[in-house]
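Hydrogens, waters and symmetry mates play no part in the numbers below; they use all other heavy atoms, side chains included. All residue numbers in this chain count up from 1 along the given sequence. From a predicted model like this one, the values you see are computed outputs, not experimental measurements.
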Amino acid sequence: AETIISQIEFDFELEEEFPFTRSLFDDLVLLFKETDITTDGIEHQQYKERYTFKQNNDTAVIDFEYKPHNTATRNRGPSKIARQVVGGLFKDALGEKIRILDYGCGKGKDLYYYRESGFYAEGYDPYEDFGFNQKPTGLFDLICITFVLNVLPNVWERLLVIQQASEYLEDNGLMIITVRSESEIQKEAKSNCWEVHNDGYWSSKDKKTFQKGLTYKELECLIKRAHLSTHPITSLINCEKEISLIVACKQKLNRNICD
């Protein structure tokens, strides 16, 4: 029997914006193809897709979750970017006494490093078990988003993180976004036979952990869509081939990005 869910069509724009949703949708079409199960609604939420199903007079709400926190970088110490920040990377642009927000801080290794180095720093990560799921307070001079975007399986989630983080950015503040590079992820995917998923790979399909390498151009496009601009200091930062990074700010620099 044909179900309601099999009659739903996603327009092109939605498929581009929510590729993870489309992949899940296609799987459910196959699963319910020969049943009388129908769908009453689909909600896009952070780290999950919520479906409402009906069968006769029964209703069920099911969350399909994925776990970006499982792919958080497991460094033994602070990241190289954190070391550069503490070493005075933004001293000329922001001064010495700055407030730092580590957005998507994981277990807090960079956060603790900032605090131990004398900075006022807060951390936020939506995964409750990490212990930093309380929303930040106030505004910050520097927001660090380190190895977060590359574990999110669609463009919408990456953009949402930048938009939400920018709400805590001072008018004259800076946001540094660091991700794994495209070449590094492709190399690792080939070596470990990772399965393609959306615009990246399942690093572990069983654990639902995802990795995508991003280019500098992709980061430019993302911050532009979040109504931020590229700060000139970006070109002064030594960047290894394993990573891509960009420094964003609220000021408009009258640059045509990603046109």
Side-chain angles (χ1 to χ4, degrees), residues 16-17 19-20 66-87 89-90 102-107 109-110 113 125 142-163 165-166 174-205 207-226 228-249 255 257-259:
E16 288 292 305
E17 196 75 10
F20 174 75
Y66 48 94
K67 303 176 181 179
H69 59 271
N70 280 354
T71 51
T73 304
R74 294 176 174 84
N75 293 326
R76 293 183 179 179
S79 67
K80 291 183 179 179
I81 291 300
R83 294 181 185 276
Q84 290 191 55
V85 170
V86 169
L89 179 62
F90 298 107
D102 189 352
Y103 198 89
C105 64
K107 296 180 179 179
K109 290 184 179 179
D110 282 359
Y113 179 63
D125 197 291
L142 178 65
I143 297 177
C144 303
I145 304 176
T146 308
F147 302 123
V148 174
L149 303 189
N150 48 275
V151 304
L152 300 176
N154 61 66
V155 173
W156 177 78
E157 293 284 356
R158 298 168 203 144
L159 178 60
L160 185 61
V161 166
I162 296 173
Q163 289 174 329
S166 68
L174 299 177
M175 176 188 294
I176 181 167
I177 303 171
T178 309
V179 297
R180 299 183 69 183
S181 69
E182 183 179 54
S183 60
E184 177 67 11
I185 291 298
Q186 287 181 346
K187 178 183 176 181
E188 192 166 346
K190 184 177 180 180
S191 174
N192 294 293
C193 299
W194 286 352
E195 180 181 335
V196 173
H197 180 69
N198 293 340
D199 57 355
Y201 302 90
W202 287 125
S203 54
S204 173
K205 192 172 183 180
K207 296 179 180 179
K208 299 298 183 184
T209 55
F210 176 88
Q211 286 284 356
K212 172 188 166 53
L214 283 86
T215 65
Y216 175 77
K217 189 69 174 178
E218 288 176 299
L219 293 177
E220 278 191 311
C221 292
L222 283 168
I223 68 166
K224 181 182 179 182
R225 293 180 68 182
L228 300 172
S229 300
T230 305
H231 193 279
I233 199 173
T234 301
S235 61
L236 303 179
I237 301 175
N238 293 325
C239 184
E240 299 177 352
K241 64 180 181 179
E242 291 85 3
I243 66 171
S244 299
L245 66 80
I246 196 167
V247 180
C249 59
R255 296 179 60 187
I257 303 171
C258 197
D259 288 336

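Taking the side chain as every heavy atom from C-beta outward, Tyr113 and Val86 approach each other to under 4.5 Å. Side chains of Arg83 and Pro78 form a contact here, defined as non-hydrogen atoms less than 4.5 Å apart. You'll find the side chain of Val151 stays beyond 4.5 Å of the side chain of Phe210, heavy atoms only. Looking only at side-chain heavy atoms (C-beta outward), Ile177 and Tyr103 stay at 4.5 Å or farther from each other. A 4.5 Å side-chain heavy-atom check between Val148 and Asp125 finds every atom pair outside the cut-off.
Between Glu188 and Arg180, at least one side-chain N (NZ, or NE/NH1/NH2) sits under 4.0 Å from a carboxylate O, which counts as a salt bridge. No salt bridge links Asp110 with Lys80; every basic N to acidic carboxylate O contact stays at or beyond 4.0 Å. Electrostatic pairing of Lys212 and Glu182 does not count as a salt bridge here, judged by no charged N lying under 4.0 Å from a carboxylate O.
Between the Asn154 side chain and the Trp156 main chain, a donor and an acceptor come within less than 3.5 Å of each other. Between the side chain of Ser181 and the main chain of Lys241, a donor-acceptor pair closer than 3.5 Å is present.
With sequence neighbours left out, the salt bridge (Lys or Arg N to Asp or Glu O under 4.0 Å) criterion links Glu242 to no other residue. Listed by chain and number, the residues in a salt bridge (Lys or Arg N to Asp or Glu O under 4.0 Å) with Lys187 amount to none (sequence neighbours excluded). By the side-chain contact (heavy atoms from CB on, under 4.5 Å) test, Thr178 pairs with Ile81, Thr146, Phe147, Ile176, Ile243, Leu245, sequence neighbours left out.
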*Could you give me the CA-CA distance, side-chain angles and deciding distance for Asp199 and Arg158, then say whether salt bridge (charged side-chain N to carboxylate O under 4.0 Å, His left out) is met?*
CA-CA 12 Å; Asp199 57 355; Arg158 298 168 203 144; 2.8 Å; yes
*asked:* Please determine whether side-chain contact (heavy atoms from CB on, under 4.5 Å) holds for the pair Tyr201 and Thr209, giving the CA-CA distance in whole Å, both sets of side-chain angles, and the decisive distance to 0.1 Å.
replied: CA-CA 9 Å; Tyr201 302 90; Thr209 55; over 6 Å; no
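A distance of 12.5 Å separates CH2 in Trp202 from CH2 in Trp194, rounded to the nearest 0.5 Å. Annotation: the span from Asn150 atom CG to Gln211 atom CD amounts to 5.0 Å, rounded to 0.5 Å. Note that OG of Ser204 is 11.0 Å distant from CG of Asn192, once rounded to the nearest 0.5 Å. The structure places CD1 of Ile246 at 5.5 Å from OG1 of Thr234, a figure rounded to the nearest 0.5 Å. Taking CG from Leu222 and CG from Leu228, the interatomic distance works out to 10.5 Å, rounded to the nearest 0.5 Å. His197 NE2 to Lys208 NZ: the interatomic distance, rounded to the nearest 0.5 Å, is 7.5 Å.
Contact detail for Leu174 and Cys249: the closest heavy-atom pair is CD2-CB, 3.9 Å. Counting all heavy atoms, side chain and backbone alike, Ile162 lies closest to Ala226 at CG2-CB, 3.6 Å. Residues Ile223 and Ala248 approach most closely at CD1-CB, 4.0 Å, considering heavy atoms.
Side chain to side chain, Ser244 and Thr215 fail the donor-acceptor criterion of an N or O pair below 3.5 Å.
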